[in-house]
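When a residue number appears, it is its place in the shown sequence, counting from 1. Whatever order the structure lists them in is the order used to number ligands and atoms, beginning at 1.
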Amino acid sequence: MSAVATSLQTDAAPQRFSVRPFDAPLGAEVIGLDLSQPLNDSDFKRIHQAHLDHGLLVFRDQQITPQEQIAFSRRFGELQIHVLKQFLLAGHPEIFIISNVVEDGKPLGLADAGKFWHSDLSYKELPSLGSMLRAIELPSEGGDTLFASQQLAYETLPEHLKKAIEGRRAAHSYTARYDDEVFAGVQRPKLTPAQLAEVKSVVHPVVRTHPETGRKGLFVNENFTTHILDIPADESRQILSELFAHSARPEFIYRHTWQPHDMLFWDNRALIHLAAGCPQHLRRHMHRTTIQGDAPF
Ligand code: SIN
């Protein structure tokens, strides 16, 4: 099992905070923790364990700077820099901007991120351990994010599907649905040859074992998974469509309605997520950091 990389802050004062699980298949909120302050080792361990136990943590009321978001994210591992460099925060490339705000005719961030169910960066050899998404500006209506437990999905999979995917591997590609990702009638920016070289297709097991908890979960998603290897194409299409339908069943889902200054931290090794979208005229602006994980096994 892999250990999370932590630079210890043992001299920091302990903080009083509570972790309250949601009445949902996953997720918990963390109340009273101030992430602008360094966490001491024992507070960090509590957060780390809560993240493993609940899959998603909602840190309330985090009025923190980009540097503070980056510093907290780094306690869990190396940060990944998104291939769409035009949407990285100036001076802080570790922050990927998800935003529908356009200023002087220029989009400030990626407007349609998360329109299909996915696990962040599953198209990389080393997909993401987890992502932190912080609300900077929220719409008055809509803008929810949905999360589905892929461990519950695997555990409740019909026997014929479990058998069909046993020992199988699937290909993931960043470009799989890139051209379907149209926002307000506008296509995503065309990828340059250098960007395409950064996101070559990769292969991962269809079922992955969580490197820290040992729990098994599905690891395919409708955004990036293109096909299952070593079986006929029509069979692969059929199995994937059954897996995608099963993986987002309502009983595996927690739907997050954002509150001002929420910062979410989810486990991409255990969950998939989806951005529900909001009316186009309402501004939604978020900062995401993405922590690198292990090669799935
Ligand atoms: C994402 O897929 O990381 C974005 C989710 C969101 O904007 O709600």
Are more than 12 heavy atoms from other residues, nucleotides or ligands located less than 6.0 Å from atom CG of D23? no
Stepwise side-chain hydrogen bond (donor to acceptor under 3.5 Å, both in side chains) check, S128 with N268: CA-CA 6 Å; S128 163; N268 283 306; 2.8 Å; yes
Show the numbers, then the answer: is there a side-chain hydrogen bond (donor to acceptor under 3.5 Å, both in side chains) between Q69 and T289? CA-CA 8 Å; Q69 179 174 347; T289 41; 3.3 Å; yes
Output yes when E198 and K85 qualify as a salt bridge under the 4.0 Å nitrogen-oxygen rule, no when they do not. yes
Do any nitrogen or oxygen atoms of ligand 1 lie under 3.5 Å from a protein nitrogen or oxygen, and which ones?
unit_1   : atom_1 : unit_2 : atom_2 : d
ligand 1 : 2 (O)  : H118   : NE2    : 3.0
ligand 1 : 2 (O)  : H273   : NE2    : 3.0
ligand 1 : 3 (O)  : H273   : NE2    : 3.4
ligand 1 : 3 (O)  : R288   : NH1    : 2.9
ligand 1 : 7 (O)  : R284   : NH1    : 2.9
ligand 1 : 7 (O)  : R284   : NH2    : 3.4
ligand 1 : 8 (O)  : T145   : OG1    : 2.6
ligand 1 : 8 (O)  : R284   : NH2    : 2.8

Scan K216, R215, K162 and name whichever one has a salt bridge (charged side-chain N to carboxylate O under 4.0 Å, His left out) with E155. R215
Under 4.0 Å between a Lys/Arg side-chain N and an Asp/Glu carboxylate O for R60 and D262? yes
